[in-house]
Protein chains: 2
Amino acid sequence: MARVSQAHLDARRRQILDGARRCFTRNGFHATSMQDVFQETGLSSGAVYRYFRGKNDLITAVAEEAFERMRLAFESAGREAPLRPLDDVIDEVLSHVLEEHERESGTDRPGAFAELIVQVWSETLRDGQLAATLNAGYDRMRVMWAELVRTYQDAGRLRADVPTDHVVRALMALVQGSIVQRAVFKDVEVELRSGLRALLSPHA
Amino acid sequence: MARVSQAHLDARRRQILDGARRCFTRNGFHATSMQDVFQETGLSSGAVYRYFRGKNDLITAVAEEAFERMRLAFESAGREAPLRPLDDVIDEVLSHVLEEHERESGTDRPGAFAELIVQVWSETLRDGQLAATLNAGYDRMRVMWAELVRTYQDAGRLRADVPTDHVVRALMALVQGSIVQRAVFKDVEVELRSGLRALLSPHA
DNA sequence: GACCTTAAAACGAACGTTCCTTCTTGACAA
DNA sequence: TTGTCAAGAAGGAACGTTCGTTTTAAGGTC
């Protein structure tokens with residue numbers, strides 16, 4: 001094939017990213033060899049190296065894509081009907097993060113996305129560039145959620161004598177911690193909403 | 001039999017564990033080479049391999065020690081005066097986890113312990129044995145904290161129509177998420193307590 | 001036939017580990 | 001107390017393997 005279509009190129013790139021993601025999820029970024037990726041994608045080294053400069057580029061691409069997906073889950077849940085119960089909002093973020101992704105890419109195990117996110121976090125400790133990308137993304141998340149929390153505070157649904165950003169961080173911590181539990185306690189369906197409801201309205 | 005004292009053996013073992021921990025925190029378990037460990041500890045390969053069977057044993061030892069430290073932070077905070085405000089209890093766990101450790105081993109950067117914990121979580125995805133150890137530890141934590149939460153529920157400080165275990169998981173998620181933030185947002189002092197207070201008593 | 005994609009062999013580098021040597025230690029005889 | 005010595009502890013070069021990557025050659029399309 002001399003000249004292939006752009007659609008074909010995109011499909012190949014996606015094929016590589018998907019295979020690499022499965023490898024990385026299963027074995028971690030650094031315990032996965034390029035040979036593993038070649039085998040999982042069904043492609044040879046020449047093909048993979050045509051689309052990615054090297055292993056580190058592959059790691060970065062997979063990591064950024066996973067993080068972006070999580071960020072969008074936060075944003076879309078934050079954009080919906082205002083002043084819903086907060087436990088509903090948080091639960092929706094988690095549903096997006098943990099389940100919708102798995103429905104979409106049918107090849108992954110349940111919990112695979114959570115496992116990948118945990119690995120992305122730990123990769124930031126080694127890769128300053130990736131850390132900068134994640135920090136920028138988290139800044140955007142916090143700005144948007146600050147507006148959301150502010151509406152709750154203004155409406156008297158949350159006390160206003162606490163810095164908005166602190167509340168945002170606490171809410172984000174709830175989601176991040178749930179991702180950790182989903183990744184580490186593989187067998188258990190993490191049921192956050194009811195526990196969160198008990199915390200948010202302790203005197204029902 | 002001419003041997004060195006047990007104290008000497010223990011000290012050497014600790015020297016290796018400390019050096020390895022610093023390497024692992026800085027570069028991750030798998031991007032750290034044994035050569036790095038030799039250099040950081042100031043010992044030769046022969047010495048290190050006398051105390052540990054191989055790299056994987058070293059990883060396991062460092063990971064289990066870090067996790068055990070976190071588990072003890074949960075337990076000690078849970079044992080103190082009952083029915084304190086929940087945000088105080090959570091904050092104390094975090095103080096133990098994030099700061100006391102750093103005061104103790106003066107060689108580490110701030111946030112180093114949080115970074116290590118994140119790496120331990122991600123290592124469980126690759127090492128089933130370590131995953132089993134962590135799951136057992138988390139079970140113990142949840143049992144103990146279930147008793148704590150139950151006292152709050154019985155005292156009417158938390159609604160009782162929610163399974164105790166769900167509340168425990170939500171509280172643990174708060175701490176775990178804060179650890180994530182501490183590890184990834186290096187520059188920021190995560191201020192969880194006030195944000196948590198706003199969530200716990202929204203109508204102050 | 002020209003050109004681009006893919007496959008696969010092959011490369012140097014770096015890895016974890018082993019092995020042999022050297023140094024150090026503590027017990028014990030004198 | 002001191003000198004001797006066996007054995008444990010540490011050092012460091014070298015090993016075979018596997019890594020990520022490059023190069024080379026075949027295959028296919030226009």
Side-chain angles (χ1 to χ4, degrees), chain A residues 1-63 119 122-123 126-127 129-130, chain B residues 1-63 119 122-123 126-127 129-130:
Chain A
M1 353 169 205
R3 198 96 189 88
V4 294
S5 66
Q6 184 63 36
H8 177 265
L9 294 176
D10 292 346
R12 264 293 147 73
R13 190 185 154 89
R14 173 114 311 275
Q15 176 182 1
I16 295 169
L17 281 174
D18 286 345
R21 191 196 61 236
R22 285 193 295 272
C23 289
F24 291 155
T25 302
R26 193 188 310 128
N27 266 338
F29 290 122
H30 298 286
T32 295
S33 70
M34 290 299 274
Q35 313 292 335
D36 295 335
V37 175
F38 304 150
Q39 180 160 354
E40 179 75 30
T41 58
L43 294 173
S44 70
S45 59
V48 172
Y49 274 91
R50 180 159 309 280
Y51 290 85
F52 293 92
R53 183 184 292 247
K55 187 181 183 183
N56 220 63
D57 276 26
L58 212 42
I59 291 176
T60 301
V62 169
Q119 310 221 43
S122 83
E123 182 66 11
R126 218 187 57 83
D127 181 346
Q129 184 69 40
L130 183 63
Chain B
M1 276 173 278
R3 263 176 252 150
V4 293
S5 65
Q6 185 64 37
H8 173 85
L9 293 176
D10 292 346
R12 268 284 190 272
R13 191 185 153 88
R14 174 113 313 274
Q15 175 183 0
I16 295 169
L17 280 174
D18 286 344
R21 192 196 59 236
R22 284 192 295 273
C23 289
F24 291 156
T25 302
R26 194 188 310 129
N27 267 339
F29 290 123
H30 298 287
T32 295
S33 70
M34 289 300 273
Q35 312 293 334
D36 295 336
V37 175
F38 304 151
Q39 179 161 356
E40 180 75 30
T41 58
L43 294 172
S44 68
S45 59
V48 171
Y49 274 89
R50 181 161 304 282
Y51 290 85
F52 293 91
R53 183 185 293 246
K55 187 182 182 183
N56 219 64
D57 275 26
L58 211 42
I59 290 176
T60 301
V62 169
Q119 311 221 41
S122 83
E123 182 65 11
R126 219 188 56 83
D127 181 345
Q129 184 69 42
L130 182 63

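To find a chain, count down the sequence lines: A is the first, B the second, and so on, and within it residues start at 1. All heavy atoms count here, side chains included; hydrogens, waters and symmetry mates do not. The structure displayed is predicted, hence computed values, not measured ones.
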* **Nearest listed nucleotide, side chain of K55(B), among dG16(C), dG20(D), dA9(D)** => dG16(C)
* Asked: Roughly how many Å is it from CG in L58(A) to C1' in dC19(D), rounded to a whole number?
  -> 15 Å
* **Nucleotide dG20(D), atom P - distance to CD1 of I59(A) in whole Å** => 9 Å
* Asked: Quick one: I16(B) CD1 to dA9(D) P, roughly how many Å, whole number?
  -> 12 Å
* To do: Could you identify which residues of residues 44-52 of chain B place a heavy atom less than 4.0 Å from some atom of DNA chain D, listed by residue number, or say none?
  => S44(B), S45(B), G46(B), A47(B), R50(B), Y51(B)
* S33(A) side chain to D36(A) side chain, donor-acceptor N/O pair below 3.5 angstrom -> yes
* **Pair D18(B) + R14(B): basic N to acidic O under 4.0 Å** => yes
* Rounded to the nearest Å, what distance is computed from the CZ atom of residue F38(A) to the P atom of nucleotide dT6(C)? -> 14 Å
* Side chains of I16(B) and R13(B) in contact at under 4.5 Å (non-hydrogen atoms) -> no
* To do: Nearest whole angstrom, please: distance from the P of dT22(D) to the CE of M34(A).
  => 10 Å
* Asked: Would you call H30(A) and F29(B) a side-chain contact if the rule is heavy atoms closer than 4.5 Å?
  -> no
* To do: State whether H8(B) places a side-chain N or O below 4.0 Å from either non-bridging phosphate oxygen (OP1 or OP2) of dA10(D).
  => yes
* Residue whose closest nucleotide on DNA chain D lies nearer the 5' end, Q35(B) versus R12(B) -> R12(B)
* Structure fact -> Taking for N56(B) and for L43(A) the nucleotide of DNA chain C with the nearest heavy atom, the one nearer the 5' end belongs to L43(A)
* Classify the nucleic acid contact of T41(B) as base, sugar-phosphate or nothing, counting any heavy atom under 4.0 Å across all strands shown. => nothing
* Answer whether the closest heavy-atom distance between the side chains of Y51(A) and L58(A) falls below 4.5 Å. => no
* Structure fact -> To the nearest 0.5 Å, atom CD of E40(A) lies from atom CG of N27(A) at 10.5 Å
* Give the rounded distance in Å between these two atoms: CG of L9(B) and P of dG8(D). => 12 Å
* Tell me, do I59(B) and D127(B) make a side-chain contact under 4.5 Å, heavy atoms counted? -> no
